[in-house]
Undergrad: 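Sharing a structure below in structure tokens format, with a few things to ask.
Because only heavy atoms are used, hydrogens play no part in the values below, and waters and symmetry mates are left out as well, while side chains stay in. First the proteins, then the strands, lettered A, B, ... as listed; each starts at 1.
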There are 2 protein chains.
Amino acid sequence: MTDATTDPSPLVHEVLAAVLQVRQGSLQVLLWERALEPHAHRWSLPGGRLGADEDVETSIRRQLAEKVDVRQVSHVEQLAVFSAPDRVPGPRVVATAFLSLVPSHMDPELPGDTAWHPVSALPETAFDHGAIVLRARNRLRAKLSYTNIGFALAPPEFTVSALRSVYSAALGYKVSATNLQRVLSRRGLLEHTGETTKPGRAGGRPAAQFRFADSTMAVTDPFAVLKPPAAPKGQ
Amino acid sequence: MTDATTDPSPLVHEVLAAVLQVRQGSLQVLLWERALEPHAHRWSLPGGRLGADEDVETSIRRQLAEKVDVRQVSHVEQLAVFSAPDRVPGPRVVATAFLSLVPSHMDPELPGDTAWHPVSALPETAFDHGAIVLRARNRLRAKLSYTNIGFALAPPEFTVSALRSVYSAALGYKVSATNLQRVLSRRGLLEHTGETTKPGRAGGRPAAQFRFADSTMAVTDPFAVLKPPAAPKGQ
DNA sequence: ACAAAAGTGTTTGAACTACACCCATGC
DNA sequence: GCATGGGTGTAGTTCAAACACTTTTGT
């Protein structure tokens, strides 16, 4: 399968993460500004070379720790491999891209060359990193519908209207608070904490606080159609 | 991002494909039997080393051509990267795994060391290839529900009951022909060809022939819930 | 006529959207 | 009181599963 004695095409494997967070009402991505050529001053995704003793997920978590406190990263998942031979100038570099999420209440300290940018208004990006960000956003949007991945975007406790803002920012359209609560409750994803928030100066009923019942990603709406036949009543 | 002048950890990138086909009423995968150590006589996925001038998809298509006529491959998509440092003995090998499909009416000529095996009864597999096959099956099963990927498993023209067999084999449970036709028709995926088949000796009504309206993968049931608000009536 | 296989009509139920209405608070 | 924001009740719709029934053939 592989011939280790000769290496006709030296190859570097890098890992990259599109770190997404809802901030200031919009879905944003963490980028750093390249100081050096190639593509100096363009914005690129955090990441780096895959180490000898780590798999790609371990590697991206390690490399993210240089930009963001890892404990603030609530979810990491593989997106895809980007491997066009000319995707970066110079020697061949194949990248494994990740989708990574940070809850909206976090505000990590960032290195000076690093900043958040709205996904809907990206600055000039390096290499194929812009395409990776869009793939990440699409994946997130899809998963908001059929998994519990909202837990990774929301703070540990939240009101329904706060959660509505998070979902609306990520999806790019207004979500109804009523229906959001219904859907997530029906699926058993939401739990009351028992706490309520005080209304603002304008008054209004105090809002109940919720949390997500589970904080590991799970598919909650497995396949909508072509389900297996129902078990006979005797079962 | 990468330092090309030194290469502390030589790394090989391979591409692997789980080629799935419905044959003899079950979902099967194409495997070849390794002649040499390591893992001699175990069964492994077709694939090989990524070439210098190709991306991973081009590479897997090229390598599959050595086992199966490429024109018979109806669908190829990335599955995931497998990168555990010890996933194969010896020098580091990172793999990009693919899901690949062959329509059920094809019966490609195979090399002598290659054979189809039911996914539900795999022989002893090499390395992590067994896990890759199961991931491929799970991906296929999920996509049968919310995309038109059936086109890649079915022959160009088929009766509803033939299509039912294909779906049943892939999903692992009996699918109702009635409901299958309803779901696919409602989504506009099926077209009448105008032809009908002759009944067998036992009689029965002649079956209408259908084809899939589209032969490129598309999501047909985008998100079941949290849809964007309906456009106002005036639109 | 009868059996067999294909295809349609119709009921039931689940799940989601939309909207009306009620609740609890500040001023 | 009344405005404001939170929460529930309840149609109405869509979509899919289940099953009865009709259609069209071979024997």
Undergrad: Whole Å only: how far is the CG atom of A/Leu163 from the C1' atom of D/dG7?
TA: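 That distance rounds to 15 Å.
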
Undergrad: I need a per-nucleotide contact map over nucleotides 19-27 of chain D, read 5' to 3'. Cutoff is protein heavy atoms under 4.0 Å; write B for the base, S for backbone only, - otherwise.
TA: B---BBBSS

Undergrad: May I have the distance from B/Lys227 (atom NZ) to D/dT14 (atom P), rounded to whole angstrom?
TA: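 Rounding to the nearest Å, NZ of B/Lys227 and P of D/dT14 are 11 Å apart.
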
Undergrad: Where does the chain A footprint on DNA chain C start and end, counting 5' to 3' with a 4.0 Å heavy-atom cut-off?
TA: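 Boundary nucleotides touching chain A, in 5' to 3' order, are C/dA15 to C/dC27.
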
Undergrad: Do other residues, nucleotides or ligands put more than 12 heavy atoms under 6.0 Å from the CZ atom of B/Arg42?
TA: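 Buried by this count: over 12 neighbours within 6.0 Å.
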
Undergrad: So, do B/Phe158 and B/Phe212 have ring centers that fall under 6.0 Å from each other?
TA: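 Ring centres of B/Phe212 and B/Phe158 closer than 6.0 Å.
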
Undergrad: With a 4.0 Å cut-off on heavy atoms, is B/Ala208 in touch with a base, just the backbone sugar-phosphate, or nothing at all?
TA: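 Contact class for B/Ala208: sugar-phosphate only.
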
Undergrad: Have a look at A/Arg164 and say if it touches a base, only the backbone sugar-phosphate, or nothing, with a 4.0 Å heavy-atom cut-off.
TA: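 It contacts nothing in the nucleic acid.
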
Undergrad: Please determine whether ring-ring contact (aromatic ring centres under 6.0 Å, His included) holds for the pair A/His129 and A/Trp43, giving the CA-CA distance in whole Å, both sets of side-chain angles, and the decisive distance to 0.1 Å.
TA: CA-CA 8 Å; A/His129 294 195; A/Trp43 293 84; over 10 Å; no

Undergrad: Backbone N or O of B/Thr58 within a donor-acceptor pair of the B/Asp55 side chain at under 3.5 Å?
TA: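 Between the backbone of B/Thr58 and the side chain of B/Asp55 there is a qualifying donor-acceptor contact (under 3.5 Å).
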
Undergrad: Can you measure B/Leu189 atom CG to D/dA16 atom P for me and round it to whole angstrom units?
TA: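 Atom-to-atom, B/Leu189 to D/dA16, this comes out as 11 Å.
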
Undergrad: Would you say A/Gln181 reaches D/dT8's phosphate, i.e. side-chain N/O to OP1/OP2 under 4.0 Å?
TA: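 So the side chain of A/Gln181 is within the cut-off, an N or O lying under 4.0 Å from OP1 or OP2 of D/dT8.
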
Undergrad: Can you list the steps and then say if A/Lys67 with A/Glu109 is a salt bridge (Lys or Arg N to Asp or Glu O under 4.0 Å)?
TA: CA-CA 8 Å; A/Lys67 305 279 181 187; A/Glu109 288 289 316; over 6 Å; no

Undergrad: In sequence, state the C-alpha distance, the side-chain angles, and the governing distance for B/Phe210 and B/Thr193, and then conclude on side-chain contact (heavy atoms from CB on, under 4.5 Å).
TA: CA-CA 5 Å; B/Phe210 291 85; B/Thr193 67; 5.6 Å; no

Undergrad: Is there a salt bridge (Lys or Arg N to Asp or Glu O under 4.0 Å) between B/Arg62 and B/Glu57? Walk through the geometry before answering.
TA: CA-CA 9 Å; B/Arg62 172 180 63 77; B/Glu57 182 168 333; over 6 Å; no

Undergrad: Taking atom types as modelled, find out whether B/Ser26 and B/Gln24 have a side-chain donor-acceptor pair closer than 3.5 angstrom.
TA: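 Distance-only check fails for B/Ser26 and B/Gln24.
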
